[in-house]
Amino acid sequence: QVQLVESGGGLVQAGGSLRLSCAASGRTFSTWAMGWFRQAPEKEREFVAAIKWSGDITWNEYYTDSVKGRFTISGDNAKNTVYLQMNSLKPEDSAVYYCAANPALSARALSLINPRTSGLTYWGQGTQVTVSS
């Protein structure tokens, strides 16, 4: 059974940093696309960042425009864990952040999914990030 467990959320002032972690279990995730989505109150769940190991020593990464240069996604195959380092946080980054994993998609394709109809995509329970102004 696939399980994704997020951690690392919390309350931070604008300009601060947080590091989210997503620990995956139940499969070997080195061939999966992994990513982060977020959902603010009364808004749709939206893509933040995605990553997939290319099979050699490189990773393919994708980011939504609003976080480029501020957020960095990374993966550790040995630990089955994906991270999201979030710097220069803004109040508009406040949301519940969800980890996502899909065995069949590329990182780019994961960035394009509709979270409402995500097919084979697995989701974590979410972790709250609140950025105060």
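Not measured: the values here are computed from a predicted model.
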Please say yes or no: joined through hydrophobic side-chain contacts below 4.5 Å, possibly via intermediate residues, are Val67 and Leu20 part of one cluster? yes

Any idea which heavy atoms bring Ile51 and Gly75 closest together, and the distance? CD1-N, 3.8 Å

side-chain contact (heavy atoms from CB on, under 4.5 Å) for Tyr62 and Leu110? Distances and angles first, verdict last. CA-CA 9 Å; Tyr62 289 90; Leu110 184 62; over 6 Å; no

Which one of Leu89, Leu84, Thr130 satisfies the side chain to side chain contact (heavy atoms under 4.5 Å, CB included) criterion with Leu18? Leu89

Could you measure the distance from the NZ atom of Lys52 to the CZ atom of Arg108? Nearest 0.5 Å is fine. 14.5 Å

Between Glu61 and Tyr63, a side-chain donor and acceptor under 3.5 Å: yes

Give, for atom CZ of Arg27 and atom CD of Gln3, the distance between the pair rounded to the nearest 0.5 Å. 12.0 Å

Spatial distance of atom CD (Gln13) from atom OG (Ser133) [nearest 0.5 Å]: 9.5 Å

Look at the side-chain heavy atoms of Ile, Leu, Val, Met, Phe, Trp and Tyr, link any pair under 4.5 Å apart, and say whether Trp59 and Phe29 land in one connected group. yes

For residues Asn102 and Thr121, is any side-chain donor paired with an opposing acceptor at under 3.5 Å? yes

I need the single residue from Glu6, Arg45, Gln128 that forms a side chain to side chain contact (heavy atoms under 4.5 Å, CB included) with Val96. Which is it? Gln128

ILVMFWY network linking Val82 to Leu120, side-chain heavy atoms under 4.5 angstrom: no

Which value, rounded to the nearest 0.5 Å, describes the distance between Ser66 atom OG and Glu92 atom CD? 8.5 Å

Start with the C-alpha distance between Arg70 and Asp93, add both sets of side-chain angles, then the distance that settles side-chain contact (heavy atoms from CB on, under 4.5 Å), and finish with yes or no. CA-CA 11 Å; Arg70 301 188 298 123; Asp93 294 318; 2.8 Å; yes

What orientation do Tyr98 and Trp123 show, parallel under 30°, tilted 30 to 60°, or perpendicular over 60°? perpendicular

Once you round to the nearest 0.5 Å, how far does OG of Ser17 lie from CZ of Phe71? 9.5 Å

Of the non-hydrogen atoms in Ala40 and Ala95, which two are nearest, and what is the gap between them? N-CB, 3.8 Å

Distance (rounded to the nearest 0.5 Å) between Trp53 CH2 and Asn60 CG: 12.0 Å

If you take the centroid of each ring, where Trp contributes its six-membered ring, are Tyr122 and Trp32 closer together than 6.0 Å? yes

Contact check, side chains of Tyr83 and Asp76, non-hydrogen atoms, under 4.5 Å: yes

Is Asp65 salt-bridged to Lys68, going by a charged N under 4.0 Å from an acidic O? yes

According to the interplanar angle, ranging from 0 to 90°, do the rings of Phe47 and Phe37 count as parallel (below 30°), tilted (30 to 60°) or perpendicular (above 60°)? perpendicular

Determine whether Ile73 and Met34 satisfy the following criterion, side-chain contact (heavy atoms from CB on, under 4.5 Å), listing intermediate values before the conclusion. CA-CA 10 Å; Ile73 189 170; Met34 307 286 291; 5.8 Å; no

Evaluate the side-chain proximity of Val131 to Met86: yes if any heavy-atom separation is below 4.5 Å, no if none is. no

